[in-house]
Amino acid sequence: QVQLVESGGGSVQAGGSLRLSCVGSVYTYSNYFMGWFRQAPGKEREGVAAIGRGGGPLYYADSVKGRFTISHDNDKTLYLHMNSLKPEDTAMYYCAARWYGSRWTIPLSPVNYDYWGQGTQVTVSS
C-alpha cells in the first residue's frame, strides 16, 4: 500500500508558475511508475504527465507540452513544474502510482494506476 500526499497548489494569474509536489509513503523512484492527473468540475480526469521508473521515459499531454515538466527525486517525491499557466489549467491535480511489476501500457490513462493522492487545487485567473 502506498500513500501519496500532494501539495503546492494555489491561485495564480495567467502566465504564472507553480510547482506541485507529491510525497510517497515508500520509496517510489525506482519501484513505481508515476503520473500527474487533473480533473476540472464536470469533466473527466485526464492525464497531464507521467514518468517511468528511475526518472524516465517522460510523457506529456499535448495541452501541456512545453509548459509543464515532470520530475522525480531519487527518493519519494514527484514534482510537476508548471509554467505559463492558463485559465484552462484550473483543476484539482492528483498524483498517482503503479507498481513497476504491473503493466503500464497507457501512461496517461487513469486506469493504469492503483494508488492516488487526495489532490491539490490549482486555480488560474485571467
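All values reported here derive from a predicted model rather than from experimental measurement. Any value given below was found using the heavy atoms of this structure, including those in side chains, with hydrogens, waters and symmetry copies removed.
Across all their heavy atoms, Asn83 and Ser17 have their closest contact at OD1-OG, 2.9 Å. The minimum heavy-atom distance between Gly52 and Phe33, with the atom names listed, is CA-CD2, 4.0 Å. Of all the heavy atoms in Lys76 and His72, the pair that sits closest is C-CE1, 4.0 Å. Annotation for Leu78 and Cys95: closest pair CD2-CB, 4.1 Å, computed over non-hydrogen atoms. What you find for Thr120 and Gly9 is that their closest heavy atoms are OG1-N, 3.1 Å. Across Ala50 and Pro107, no two heavy atoms sit closer than the pair CB-O, 3.6 Å.
With sequence neighbours left out, the ring pair (Phe, Tyr, Trp, His ring centres under 6.0 Å) criterion links Tyr59 to Trp104. For Arg67, the salt bridge (charged side-chain N to carboxylate O under 4.0 Å, His left out) partners at least two apart in sequence or on another chain are Asp89. Annotation: ring pair (Phe, Tyr, Trp, His ring centres under 6.0 Å) contacts of Tyr60 (sequence neighbours excluded): none. Lys43 is linked by a salt bridge (charged side-chain N to carboxylate O under 4.0 Å, His left out) to nothing, counting only residues two or more places apart in sequence or in another chain. Residues passing the ring pair (Phe, Tyr, Trp, His ring centres under 6.0 Å) test with Phe37 are Tyr113, Trp116, sequence neighbours excluded. Under the salt bridge (charged side-chain N to carboxylate O under 4.0 Å, His left out) criterion, Glu46 pairs with Arg38, sequence neighbours left out.
The hydrophobic clustering, which links ILVMFWY residues whose side-chain heavy atoms are closer than 4.5 Å, places Tyr29 and Trp36 apart. Criterion: ILVMFWY side-chain heavy atoms under 4.5 Å apart, direct or through other members. Under it, Tyr32 and Val23 are not part of a common hydrophobic cluster. In the hydrophobic clustering of this structure, Val26 groups with Tyr100; members are Ile, Leu, Val, Met, Phe, Trp, Tyr whose side-chain heavy atoms approach within less than 4.5 Å, directly or through other members.
In this structure, Met34 CE and Cys22 SG are separated by 4.5 Å, a value rounded to the nearest 0.5 Å. Atoms OG and CD, on Ser126 and Gln13 in that order, are 9.0 Å from each other to the nearest 0.5 Å. Note that CH2 of Trp99 and CZ of Arg53 are 8.0 Å apart. Values are rounded to the nearest 0.5 Å. Of the inter-residue distances, the one linking Leu18 atom CG with Tyr93 atom OH reads 9.0 Å to the nearest 0.5 angstrom.
Formation of a donor-acceptor pair under 3.5 Å by the Ser25 side chain with backbone atoms of Val2 is not found in this model. Distance alone, capped at 3.5 Å, places no donor-acceptor pair between the Gln118 side chain and the Val5 backbone.
The side-chain heavy atoms of Arg19 and Tyr79, taken from C-beta on, include a pair separated by under 4.5 Å. Side chains of Phe68 and Leu85 form a contact here, defined as non-hydrogen atoms less than 4.5 Å apart. A 4.5 Å side-chain heavy-atom check between Leu58 and Ile70 finds at least one atom pair inside the cut-off. Using a 4.5 Å cut-off on side-chain heavy atoms (C-beta onward), Met82 and Leu20 make contact.
Within a 6.0 Å radius of CD in Gln121, other residues, nucleotides and ligands contribute more than 12 heavy atoms.
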